[in-house]
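Please read the structure below before turning to the comments.
Computed from a predicted structure; not experimentally measured.
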Amino acid sequence: MKEIIATTGAPGAIGPYSQATKAGSLVFVSGQLPIDPATGVMPEDISAQTKQSLTNGKAIVEAAGGTMADVVKTTVFLADMNDFAAMNAVYAAFFPEGACPARSAVQVARLPKDARVEIELIANI
C-alpha cells in the first residue's frame with residue numbers, strides 16, 4: 001500500500017507525479033527543483049539553488065512525519081559538475097554530522113526550467 005505525500009511547503013508537481021510517495025516506512029521524494037513555493041522564483045547561483053532544493057525536500061520529508069536525519073539516500077543532479085564544491089558546502093549543512101545519507105551526484109545535460117541542480121531524497125520514517 002502506498003500513500004501520496006503533498007505539502008504547500010514545496011512546489012507542486014509540474015507533471016503527472018507526486019511530491020513524494022510513502023511505501024511502508026520508506027518515503028521517496030521526487031526530484032526537487034530550486035523553486036521557492038511562495039513566489040515561484042528560482043534563485044540564480046548554485047548555492048542558493050542547492051539551499052532551496054533541499055529546503056523543498058525537507059518540507060516534504062517533514063510532511064511525511066520525518067526529519068532530515070531520516071534521509072538514507074539522495075541523488076544530486078547537476079547541470080555543471082564544476083558546481084559540485086559549492087553545492088556540497090550547502091548540502092552539508094542540511095544533515096546532522098555523522099548521519100549523512102548515501103549519495104550519488106551526477107552531471108546531466110539539462111534540468112527542467114534550466115535549473116542548475118535538482119535533488120531527490122529517500123527517507124526511512
task = List, by chain and number, the other hydrophobic cluster members for Leu78, where Ile, Leu, Val, Met, Phe, Trp and Tyr join if side-chain heavy atoms come within less than 4.5 Å, directly or indirectly.
result =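 In the cluster with Leu78 are Ile5, Val27, Val29, Ile46, Leu54, Ile60, Val61, Met68, Val71, Val76, Met81, Phe84, Met87, Val90, Tyr91, Phe94, Phe95, Val117, Ile119, Leu121, Ile125.
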inquiry  = Tell me which pairs pass side chain to side chain donor-acceptor pair (under 3.5 Å) where either residue lies in residues 9-24, with sequence neighbours left out.
reply    =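 Output for this query lists Ser18-Thr21.
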Residue pair [X] / [Y]: nearest heavy atoms and the distance that separates them:
X     : Y      : answer
Gln49 : Pro34  : O-CB, 3.1 Å
Pro11 : Pro37  : N-CB, 3.7 Å
Ala79 : Leu111 : N-CD1, 4.1 Å
Ala59 : Gly9   : CB-O, 3.4 Å

Just by modelled atom types, is the [Y] backbone N or O under 3.5 Å from a matching donor or acceptor in the [X] side chain?
X     : Y     : answer
Asn56 : Ile35 : yes
Ser53 : Gln32 : yes
Asp36 : Gln52 : no

Measuring from atom [atom1] of [X] to atom [atom2] of [Y], what distance do you get when rounded to the nearest 0.5 angstrom?
X     : Y      : atom1 : atom2 : result
Ile14 : Lys113 : CD1   : NZ    : 5.0 Å
Asn82 : Gln107 : CG    : CD    : 7.5 Å
Lys73 : Leu26  : NZ    : CG    : 13.5 Å
Lys51 : Asp45  : NZ    : CG    : 11.0 Å

Min side-chain heavy-atom separation Phe77-Glu120 under 4.5 Å =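 They are in side-chain contact.
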